[in-house]
Number of protein chains: 2
Amino acid sequence: MDNSSQGLANYLQCNNIRPTYPRVKVLEFLVVQQNHPTAEDIYLHLVREIPSLSKTTVYNTLKLLVDRGLAKVVNIEENEMRYDVILTKHGHFKCESCGKIVDFPVNIEDIGTEGLDGFKIHEKDVLFRGVCPQCLGREKNGG
Amino acid sequence: MDNSSQGLANYLQCNNIRPTYPRVKVLEFLVVQQNHPTAEDIYLHLVREIPSLSKTTVYNTLKLLVDRGLAKVVNIEENEMRYDVILTKHGHFKCESCGKIVDFPVNIEDIGTEGLDGFKIHEKDVLFRGVCPQCLGREKNGG
DNA sequence: CATAAATTTGTAATAATTATAATATTCTAT
DNA sequence: ATAGAATATTATAATTATTACAAATTTATG
């Protein structure tokens with residue numbers, strides 16, 4: 001296990017998650033890629049390095065990370081769960097043309113909660129949809 | 001077809017959707033219930049009144065309504081699509097305890113879009129998660 | 001009516017996720 | 001070090017939401 005992985009292993013341990021090899025690698029992928037990958041994305045990437053890896057392990061690990069608060073599910077896609085480890089508050093933009101998901105800064109605490117008196121709010125998400133500049137350019141140049 | 005359905009039939013017609021019986025009923029369910037139902041919810045309710053109804057018709061109709069801008073998909077659930085007839089801008093709150101989805105007013109246009117220069121934004125969603133007052137009360141009274 | 005177009009239906013296919021049980025690994029105490 | 005217990009991983013099968021497809025039905029039009 002290399003140096004950077006060592007830090008992640010510690011991070012897992014601090015959160016009472018035994019830092020097994022597959023778990024460190026899943027977390028590493030989430031941290032390094034920052035791509036809001038699906039379980040499938042993660043599996044396909046890691047199986048090259050860990051041939052014995054099973055998709056169930058990826059799902060188990062993601063569930064564990066979410067349960068312990070180290071990751072969260074991003075539901076911007078219609079039919080699949082994506083995962084995010086970023087801890088600062090941000091919104092998600094999904095390009096309807098190329099499918100890419102982009103983070104953008106949002107001061108989520110500024111969003112008023114009138115009409116939710118008496119509700120306990122755990123989580124606030126902001127999701128935008130549209131077309132990214134790259135795809136807009138491609139459309140303009142005749143695609 | 002009763003009186004209120006007549007209005008909905010007109011509404012469909014105005015949007016170039018032939019107002020067939022299943023379509024009017026699906027739209028009516030969305031408008032009356034305001035429950036952000038799943039396709040399954042809609043099917044189970046309507047099939048009592050329209051025994052021949054097929055789930056595919058429900059999906060087809062929902063797709064049509066979304067394509068023509070009369071409804072939108074709400075992705076607050078992990079694994080299923082919910083539907084909402086578009087009226088005014090509002091956010092969605094999902095109770096993690098009872099699963100209920102509640103609308104609340106949000107001035108979505110107020111959310112800044114710094115960091116998204118050059119992006120074309122079609123749609124803005126605000127999704128909160130937490131516990132509703134009813135469930136909070138139940139927890140407090142020892143549930 | 002007759003024909004064409006659109007809609008509905010039932011069945012089967014797809015795809016993401018979860019359940020389950022067997023196997024393998026890791027930890028702990030001797 | 002090693003046996004036994006606890007925990008993780010794996011493979012397979014089951015579940016579930018959604019979509020694809022083609023046949024049957026309904027509706028519109030000449």
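Below, chain A is the first sequence line, B the second, and so on; all start at residue 1.
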Given atom [atom1] of [X] and atom [atom2] of [N], what is their separation to the nearest angstrom?
| X | N | atom1 | atom2 | result |
| --- | --- | --- | --- | --- |
| Lys63(B) | dA20(D) | NZ | C1' | 12 Å |
| Lys55(A) | dT10(D) | NZ | C1' | 14 Å |
| Ile50(A) | dT9(D) | CD1 | C1' | 11 Å |

By nearest atom, which of the nucleotides dT18(D), dT9(D), dT27(D) is closest to the Met81(B) side chain?
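From the listed options, dT18(D) comes nearest.
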Taking 4.0 Å as the cut-off, does a side-chain nitrogen or oxygen of Thr57(A) come that near to OP1 or OP2 on dT10(D)?
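So the side-chain polar atoms of Thr57(A) do come within 4.0 Å of the phosphate oxygens OP1 or OP2 of dT10(D), strictly under.
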For Arg18(B) and dT27(D), is the shortest distance between a side-chain N/O and OP1 or OP2 below 4.0 Å?
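Result: no.
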Verify the ring-centre separation between Phe29(B) and His45(B): is it less than 6.0 angstrom?
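Under 6.0 Å, so yes.
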Do the ring centers of Tyr43(B) and Tyr59(B) come within less than 6.0 Å of each other?
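No, they do not, as the ring centres are separated by 6.0 Å or more.
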With a strict under 4.0 Å distance from non-hydrogen atoms of chain A, what nucleotide opens and what nucleotide closes the contacted stretch of DNA chain C, reading 5' to 3'?
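Range of nucleotides touched by chain A: dA16(C) to dC27(C).
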Taking the nucleotide of DNA chain D with the closest heavy atom to each, which residue, Asn60(B) or Tyr83(B), is nearer the 5' end?
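With Asn60(B) and Tyr83(B) compared, the 5'-side residue is Tyr83(B).
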Note, Val106(B) side chain near Ile111(A) side chain (heavy atom, < 4.5 Å):
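When only atoms from C-beta onward are counted, Ile111(A) and Val106(B) do touch, with a gap below 4.5 Å.
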Check every strand shown and say whether Ser52(A) touches a base, only sugar-phosphate, or nothing at a heavy-atom separation below 4.0 Å.
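Contact class for Ser52(A): sugar-phosphate only.
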Less than 4.0 Å between a side-chain N and a carboxylate O, is that true for Lys25(A) and Glu49(A)?
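Result for this pair is yes, salt bridge flagged.
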